[in-house]
Chemist: 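I'd like to ask you about the structure that follows.
Note that the numbering runs from 1 along the sequence shown for the chain.
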Amino acid sequence: MRTDGETGTDGGREAAPRKGTVTQRAIERIKGMIAEGRLEPGGRLPTERDLAADLGISRSSVREAIRALTVLGVLEARHGSGIYVTRLEAADLLESFGVVADLSTGGRLVELLEVRRVLESAATALAAARITPEQLAEVEKHLTAMDATDDPDVILAHDLAFHRVIAVAAGNETLAAILEGLSSRTFRARVRRGYQEAGAISRTRRQHAAIHQALTARDPEAARAAAAAHVGEVEQWLRGRLAR
């Protein structure tokens, strides 16, 4: 007699549980064990047999839950050693989000740019209050490099680095990890804009200069406005392209 809600096959093997049923409950139970401290970041997961007994569900459900949590970056498989809870670093846990962002096109890409505008402006405002002299010098270095060339590829490379330094200077690792995904994954939109819209590069230089000026003045509100205007222009350009 089955007690965990799964459906067996004629051969006695269990069919894969539907999403939202046994496997989903197993995922939530394992996440709960991590949140409660019963499973520590970096620690080894109990065997499938022991975990199934502890959770009161089948080993096949535990196996599927472990597979799903491994894909999400919560668990990691080490060959010949077992399954471990990851260190739960923001950059690792947000990797799957980055993949979704990277594959997005059209309206979804516009949505991602909208999210980036909101978060980038918040991060730049935080950076204006927290940036160190060394980080400010690095921001200026990338600004100078952008001004010294007309090569769109070089400009865009320093553009990415410029915003990366600012995100780190905001002092929030999770926010920096989200922006890393959004910024690098929207690279394609900025490349298209750089090649297809006359004057885009000169405007980008002015916008970056305004952000740098606000950071130098340690003016959070000016920094927020400058960053929002910069990303917002890219967002509006892409909306216009899609509306044609």
Chemist: Do other residues, nucleotides or ligands put more than 12 heavy atoms under 6.0 Å from the CD atom of Q213?
Modeler: no
Chemist: Could you tell me which non-hydrogen atom of G107 sits nearest to which non-hydrogen atom of L242, and how far apart they are?
Modeler: N-CD1, 3.9 Å
Chemist: Are I83 and R44 packed together at the side-chain level, in the sense that at least one heavy-atom pair is separated by less than 4.5 angstrom?
Modeler: no
Chemist: Any heavy-atom pair between the side chains of T86 and P41 that's under 4.5 Å?
Modeler: no
Chemist: Ion pair present between R117 and E114, side-chain N to carboxylate O less than 4.0 angstrom?
Modeler: yes
Chemist: Would you check if R67 and R63 make a side-chain contact, meaning some heavy-atom pair closer than 4.5 Å?
Modeler: yes
Chemist: Work out which heavy atom in A123 is nearest to a heavy atom in A170; give both atom names and the distance.
Modeler: O-CB, 3.4 Å
Chemist: Taking all heavy atoms of A214 and all of A222, pick out the closest pair and write down the distance.
Modeler: CB-C, 3.7 Å
Chemist: We want to know whether Q135 and T132 form a side-chain donor-acceptor pair, criterion being a heavy-atom distance below 3.5 angstrom.
Modeler: yes
Chemist: Is the shortest distance from a Lys or Arg side-chain nitrogen in D54 or R38 to a carboxylate oxygen in the other one below 4.0 Å?
Modeler: yes
Chemist: Taking everything shown except R49 itself, do over 12 heavy atoms lie less than 6.0 Å from its CZ?
Modeler: no
Chemist: Could you check I211, T124, V168, L179 and say which one makes a side-chain contact (heavy atoms from CB on, under 4.5 Å) with H163?
Modeler: I211
Chemist: Evaluate side chain to side chain contact (heavy atoms under 4.5 Å, CB included) for M33 paired with L51, printing each intermediate quantity in order.
Modeler: CA-CA 11 Å; M33 292 172 73; L51 199 54; 4.0 Å; yes
Chemist: Does either side chain, that of D147 or that of T144, offer a donor lying less than 3.5 Å from an acceptor on the other one?
Modeler: no
Chemist: Passes side chain to side chain contact (heavy atoms under 4.5 Å, CB included), V231 versus V118? Steps please.
Modeler: CA-CA 9 Å; V231 182; V118 172; over 6 Å; no
Chemist: Would you mind checking if D159 and R164 are paired as a salt bridge, meaning a charged N to carboxylate O distance below 4.0 Å?
Modeler: no
Chemist: Closest approach of H212 and L136, non-hydrogen atoms and distance?
Modeler: CD2-CD1, 4.3 Å
Chemist: Do any N or O atoms from the side chain of R239 and from the backbone of V110 form a donor-acceptor pair under 3.5 angstrom?
Modeler: no
Chemist: Can you give me the closest heavy-atom contact between A52 and R59, atom names plus distance?
Modeler: CB-CG, 3.8 Å
Chemist: How far apart are the closest heavy atoms of T149 and I155, and which atoms are they?
Modeler: O-CD1, 3.5 Å
